[in-house]
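To keep things clear, I will list the structure first and then write my remarks on it.
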Protein chains: 2
Amino acid sequence: MKPSNYPKIFKALSNEQRLKIFMSIYEQSLKSSKAGSVFPAKDSTCCVMEKAFTKMCECINLSRSTISHHFKELQNAGLIICEREGQMYRCRINEETVNSIKEFLK
Amino acid sequence: MKPSNYPKIFKALSNEQRLKIFMSIYEQSLKSSKAGSVFPAKDSTCCVMEKAFTKMCECINLSRSTISHHFKELQNAGLIICEREGQMYRCRINEETVNSIKEFLK
DNA sequence: CTGACTGTTCGATTGTTGTAGAACAGTATG
DNA sequence: CATACTGTTCTACAACAATCGAACAGTCAG
């Protein structure tokens with residue numbers, strides 16, 4: 001990871017809502033080591049992660065378009081990797097970037 | 001450290017220039033464990049840290065007022081602690097905040 | 001094929017940030 | 001006490017970010 005990427009990463013995490021979204025995905029990805037199961041069955045335990053965009057709106061109180069925007073920012077910073085497959089929205093943490101955060105100040 | 005402080009911390013580090021300033025102070029404070037010696041003698045090795053505000057301008061090419069502003073932001077985020085004592089500008093890392101950064105994603 | 005859902009893109013609006021310069025206040029030094 | 005430095009504060013402005021609603025395109029159940 002180039003040091004020049006840190007500002008970009010921190011900028012992505014500097015917005016409260018975006019940090020919430022990221023943390024949801026991060027925590028979910030800790031629970032399920034299997035990649036791609038971040039938005040899994042309908043009866044998951046996590047308030048945010050059990051629902052995709054539209055339902056996430058109810059939780060963090062933002063419009064769908066805003067949430068879409070935040071997801072794009074997170075992807076842009078290399079923090080998450082998302083892909084749509086039909087109606088399924090697959091989304092996972094980018095381990096490489098997470099590791100470089102852990103390396104920061106080490 | 002309350003989780004609510006993370007956005008603030010990351011925002012402070014999301015600006016490239018501000019991150020440079022912070023890293024200079026951080027690295028300097030690793031070298032000299034003695035607090036308060038961040039801007040020490042005139043012949044220190046570190047380009048940025050051997051000089052205070054005005055000379056720092058030459059290194060990172062910003063005006064004094066802008067650098068002052070960035071220092072304030074860093075202080076505001078709890079990342080550094082600064083105090084003036086006559087013409088001496090003492091500045092050190094806030095260990096507590098640094099630790100909470102290290103705790104992030106742990 | 002229609003209707004009801006996805007998430008996305010666009011445009012507008014409002015708020016925030018990064019920056020410089022001028023005017024300032026404190027402090028050494030001659 | 002001038003003058004030449006500190007860093008600070010204020011003001012202004014351009015650039016950027018967060019947000020929404022509307023219009024959109026893909027998908028799937030009936």
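Note on naming: letters A, B, ... go to the chains in the order of the sequence lines (proteins, then strands), and numbering restarts at 1 for each one.
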Closer than 4.0 Å, any side-chain N/O of [X] to the OP1 or OP2 of [N]?
X	N	answer
Lys72(A)	dG7(C)	no
Arg64(B)	dA20(C)	no
Lys11(B)	dT17(C)	yes

May I have the distance from [X] (atom [atom1]) to [N] (atom [atom2]), rounded to whole angstrom?
X	N	atom1	atom2	answer
Leu19(B)	dT17(C)	CG	P	17 Å
Ile60(B)	dT19(C)	CD1	P	9 Å
Leu13(A)	dA18(D)	CG	P	12 Å
Ile67(B)	dT6(D)	CD1	C1'	13 Å
Glu73(A)	dC16(D)	CD	P	13 Å
His69(B)	dT9(D)	NE2	P	12 Å
Lys8(B)	dT16(C)	NZ	P	15 Å

(message) Ring centroids only, cut at 6.0 angstrom: are Phe71(A) and Tyr89(A) within range, meaning strictly under it?
(response)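 Yes, close enough.
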
(message) Taking the minimum atom-to-atom distance to the side chain of Asn15(B), which one of dG18(C), dC20(D), dG7(D) wins?
(response)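 So the side chain of Asn15(B) is nearest to dG18(C).
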
(request) Would you mind telling me which of dG18(C), dA22(D), dT19(D) lies closest to the side-chain atoms of Ser65(A)? (result)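 Minimum distance to the Ser65(A) side chain belongs to dA22(D).
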
For [X], which contact category applies under a 4.0 Å heavy-atom criterion: base, sugar-phosphate, or nothing?
X	answer
Gln17(B)	sugar-phosphate
His70(A)	sugar-phosphate
Leu62(A)	sugar-phosphate
Arg84(A)	base

(request) State whether the number of non-hydrogen atoms from other residues, nucleotides or ligands found under 6.0 Å of Glu16(B) atom CD is greater than 12. (result) no

(message) Side-chain heavy atoms nearer than 4.5 Å, only ILVMFWY residues, links allowed to pass through others: does that put Leu19(A) and Ile81(A) together?
(response) no

(message) Could you check whether any side-chain heavy atom of Val98(A) comes within less than 4.5 Å of a side-chain heavy atom of Glu103(A), counting everything from C-beta outward?
(response)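 No, their side chains stay 4.5 Å or more apart.
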
(message) Angle between ring planes, Phe10(B) versus Phe10(A), binned at 30° and 60°: parallel, tilted or perpendicular?
(response)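 Answer is parallel, since the angle falls under 30°.
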
(message) Taking the nucleotide of DNA chain D with the nearest heavy atom to each, does Ser63(A) or Ser68(B) sit closer to the 5' end?
(response) Ser68(B)

